[in-house]
> 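Below are the structure tokens for one structure; questions will follow.
Below, all heavy atoms of this structure are taken into account, side chains as well, without hydrogens, waters or symmetry copies.
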Amino acid sequence: MASIEADARIRELEAQVAHLSGVVDELSARRPGEGEHEHHLVDDVRRRVDQVILADVDEAIETHVGAVWISRLAAVVIMMALALAARTTFASQEIEEFGKALIGYAIAGTFIGYGLFFERRRDLFAQSILGCGLAVLYFTTYAIFFIPQMQLQAEPYWGIPITMACLITLVIMAHVRSSETVAGVGLFLAYYTVYLSCSQTPTMSSHFHAIATCSILAVTALIFQISHRWLLFTWVVMCATYGLHGYFHMEQPPSLPLPADVYFWGSNGFLSACFLLFTVAAIVEGRRRAYRPMVAPLAAANIIVYYVLASRSLEAHYPDHLWIFQVSLGVILLACALLSETRGQRSNYLFQVFALSAIVVFTLSLRAALATEVFLIAMALECTALSLFYLYSGVIGFKVIELVLLMVTGVAVLATAGMTDPIHLWGWTVPTNRFCGTAVSLLFLVNAWLYEKFAAARGPKSRTRSGHWFLADSRLDWSGSAMAMAHAAVGSFVILTLTILELSEAPELPFVLAAEAMVICLLGLVLLTPQICVGAVMMLVAAHVCYHVFIWLPLAGFESQQNYMVYTVSLSALTLLGAHVWERYLNRFRQVGIDWEHHLIAAVPFLIGTYLLTDLLFRELAPLHVAAAQGGLGLGLLLIGSFSRYTGVKASGILAMMFAVRSFYEGLND
């Protein structure tokens with residue numbers, strides 16, 4: 001009975017060890033304040049548990065390898081030999097159909113008798129031979145109804161229940177004996193018969209046989225997962241079922257006399273039933289105390305394959321109703337996530353798989369149901385919701401998928417630059433691209449504030465084995481400050497790009513960029529989020545670049561536009577104000593002994609703003625007055641720098657006086 005009971009003994013041992021470990025942990029938790037006798041009792045129990053674990057695990061491993069895998073290898077060899085023999089027998093023209101059937105049943109009876117007779121005598125291969133006998137019984141019954149070389153009657157619809165009865169008998173025997181070997185052998189031949197039914201010219205009876213067989217095996221996988229925890233069996237059933245369905249049943253065979261809509265609903269109904277069965281199997285396994293790593297990949301593969309197969313079928317027949325399917329699937333996945341969270345470890349892998357899959361499916365449904373501009377705003381709102389989910393739960397998967405949506409939404413918004421159709425909102429007329437870009441950017445800036453103010457680092461001790469460790473400390477596990485910077489950068493870049501594309505040849509472009517930078521900077525100061533201010537700096541730099549490009553590559557009407565000088569002075573003043581904030585920010589990280597690096601970095605925005613003013617004076621004043629004006633500007637900056645002790649302001653004053661000297665000597669030459 002070693003081969004029969006090996007898996008059962010291992011599961012029983014795991015349950016006993018888990019129970020004893022819980023008792024020891026409970027006793028350890030009560031140790032403070034108790035007597036010396038209890039201390040010795042806990043230590044003795046822990047030592048005995050370790051001894052039992054080490055002794056029984058070694059024995060269980062030897063039993064599992066020697067008794068189970070050798071018998072499975074024998075079953076594979078026997079089935080290969082039987083397959084070759086069956087092929088030779090089917091092709092023989094000297095043996096009539098009835099004789100072939102007798103040979104098959106004789107082999108099946110011999111194998112079943114051997115397995116039943118020797119199962120009590122600790123025969124290592126009795127279970128494998130019993131499984132082969134039951135499989136041959138099922139396959140022979142299938143052959144006499146559906147294989148032309150052995151078929152005794154054409155189109156025997158009553159052969160389907162007889163064949164299914166043989167298959168159910170095999171399933172019951174595998175369940176009663178807790179033998180994954182018997183189940184595996186039956187699984188191999190059952191799916192082989194499905195392949196034979198689908199590969200030949202399909203008839204109604206062969207098609208119903210294939211559907212019935214796959215349905216019974218899917219139900220069997222759920223039952224075996226609940227009662228025996230045969231996760232490998234469930235994996236194989238799921239892969240085989242979806243593979244055969246995708247290869248043979250996606251399109252209706254011409255030989256089946258069925259209306260197209262009837263075949264569509266029957267095929268997709270079968271597919272949905274299998275999906276629910278495999279999903280329930282994963283949830284049942286995930287709700288146990290002892291988590292198994294392959295459960296979450298099982299659920300993920302089930303969702304992905306089902307969605308691909310079902311959505312392709314819907315797109316071919318009912319493309320306008322695809323979003324209804326996506327919303328329905330998302331609701332089902334959310335319900336599965338709640339079921340996975342109500343028992344077992346919190347925020348476990350299975351919960352994350354269902355929750356993240358629901359998010360993806362809902363996003364796809366929004367794309368199918370909403371207009372482009374509304375969909376992009378909905379995506380930004382979804383990013384905000386995911387940020388809140390992450391801040392509440394600490395599940396890194398929410399942050400990762402939100403980061404992906406952030407990048408996708410940022411790129412997609414730029415694609416709306418050409419959408420200039422007006423949108424009417426409360427009496428205002430706004431271009432579609434401006435409305436969409438502004439709304440999305442503001443939501444991203446709000447997300448930056450959320451990550452900066454409320455994202456707390458979660459250390460290894462506060463994470464759980466099944467949930468928060470997933471993607472933890474990986475390259476995708478960005479810190480709260482980094483996530484805030486990413487959101488602020490994308491939000492600012494969206495506004496910056498749309499503004500440049502919309503006003504690429506407008507004289508007011510640099511000043512519009514400067515105004516937008518000021519608004520974003522004020523928002524960052526109000527929210528106390530420096531990352532938003534950094535995004536404003538990016539827009540301010542773009543304003544300076546556009547300004548000088550328009551000067552160096554003369555743009556008609558740029559210097560003659562109304563309030564040109566006022567706008568330029570305002571741009572310079574905003575730059576100098578930002579330089580003041582930049583100086584104060586860098587003082588937080590200033591280190592003794594490397595003052596020159598600090599002064600060099602801090603002086604850059606002061607020098608840029610000063611250069612803008614001196615250049616404006618050079619271009620707008622008469623040559624006789626330029627040197628004096630630039631010199632006065634430099635003197636004023638030197639005085640301000642002396643009082644404020646900002647080295648950058650002093651450097652700006654020196655720069656202005658250098659321009660004044662150059663202008664003076666150029667004036668002398670003229």
Side-chain angles (χ1 to χ4, degrees), residues 71-72 74-90 97-116 119 125-153 156-200 205-221 223-224 230 233 236-237 240-241 244:
S71 63
R72 290 174 180 173
V76 172
V77 173
I78 294 173
M79 290 307 303
M80 291 179 63
L82 289 175
L84 293 175
R87 182 177 180 181
T88 304
T89 304
F90 292 162
E97 291 79 0
F98 186 75
K100 296 175 183 179
L102 288 180
I103 293 174
Y105 283 122
I107 295 175
T110 303
F111 278 29
I112 293 173
Y114 180 91
L116 294 176
E119 68 171 343
F125 303 105
Q127 201 71 10
S128 300
I129 294 176
L130 175 62
C132 292
L134 293 171
V136 171
L137 174 65
Y138 163 73
F139 187 74
T140 303
T141 305
Y142 165 80
I144 65 176
F145 290 114
F146 297 101
I147 295 181
Q149 292 86 349
M150 285 186 62
Q151 194 171 20
L152 300 180
Q153 183 178 357
Y157 287 99
W158 49 271
I160 295 178
I162 296 177
T163 309
M164 295 302 103
C166 294
L167 180 60
I168 293 173
T169 302
L170 190 151
V171 170
I172 293 174
M173 293 291 289
H175 173 68
V176 171
R177 284 166 172 73
S178 299
S179 175
E180 196 170 6
T181 302
V182 175
V185 173
L187 175 71
F188 171 78
L189 272 185
Y191 278 113
Y192 183 62
T193 61
V194 174
Y195 172 78
L196 291 177
S197 298
C198 297
S199 59
Q200 60 188 3
S205 60
S206 63
H207 179 72
F208 288 152
H209 168 268
I211 296 296
T213 302
C214 290
S215 301
I216 290 177
L217 290 177
V219 175
T220 301
I223 296 173
F224 285 173
W230 290 345
F233 184 88
V236 174
V237 171
T241 301
L244 291 171

> Taking only residues two or more places apart in sequence, or in another chain, which ones meet F224 in a ring pair (Phe, Tyr, Trp, His ring centres under 6.0 Å)?
H228, W230, F233
> Under the rule for side-chain hydrogen bond (donor to acceptor under 3.5 Å, both in side chains), what residues qualify as partners of T193, not counting sequence neighbours?
Y138
> For Y142, give me all partners under ring pair (Phe, Tyr, Trp, His ring centres under 6.0 Å), at least two apart in sequence or on another chain.
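Counting only residues at least two positions away or on another chain, Y142 forms a ring pair (Phe, Tyr, Trp, His ring centres under 6.0 Å) with F146, H209.
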> Does Y191 reach the side chain of T213, with side-chain heavy atoms less than 4.5 Å apart?
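No, every pair of side-chain atoms sits at 4.5 Å or beyond.
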> Listed by chain and number, what are the side chain to side chain contact (heavy atoms under 4.5 Å, CB included) partners of A218, not counting sequence neighbours?
C274, L277, F278
> For T110, give me all partners under side chain to side chain contact (heavy atoms under 4.5 Å, CB included), at least two apart in sequence or on another chain.
none
> Between A108 and G133, what is the shortest heavy-atom contact and its length?
CB-O, 3.5 Å
> So which atom in V237 and which in T241 form the shortest heavy-atom distance, rounded to 0.1 Å?
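Heavy-atom minimum between the residues: O-OG1, 2.7 Å.
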> Show which side-chain atoms of residues 163-172 pair as donor or acceptor with protein atoms under 3.5 Å away, not counting sequence neighbours.
from : atom 1 : to   : atom 2 : distance (Å)
T163 : OG1    : G159 : O      : 2.7
T169 : OG1    : A165 : O      : 2.8

> Tell me the closest heavy-atom pair linking A190 and L217, and the distance in Å.
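What the structure gives for the nearest pair is CB-CD1, 3.7 Å.
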> If you define the side chain from C-beta out and look only at heavy atoms, does anything of V194 sit under 4.5 Å from C214?
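V194 reaches C214 side chain to side chain.
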> For Y192, which residues count as a side-chain hydrogen bond (donor to acceptor under 3.5 Å, both in side chains) partner, sequence neighbours excluded?
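Counting only residues at least two positions away or on another chain, Y192 forms no side-chain hydrogen bond (donor to acceptor under 3.5 Å, both in side chains).
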> Is the shortest heavy-atom distance from the side chain of L187 to the side chain of V236 under 4.5 Å?
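Yes - at least one pair of side-chain heavy atoms lies under 4.5 Å apart.
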> Output the distance between atom CD1 (I112) and atom CE (M173), rounded to the nearest 0.5 Å.
7.5 Å
> Quick one: are L134 and F111 in side-chain contact, heavy atoms under 4.5 Å?
no
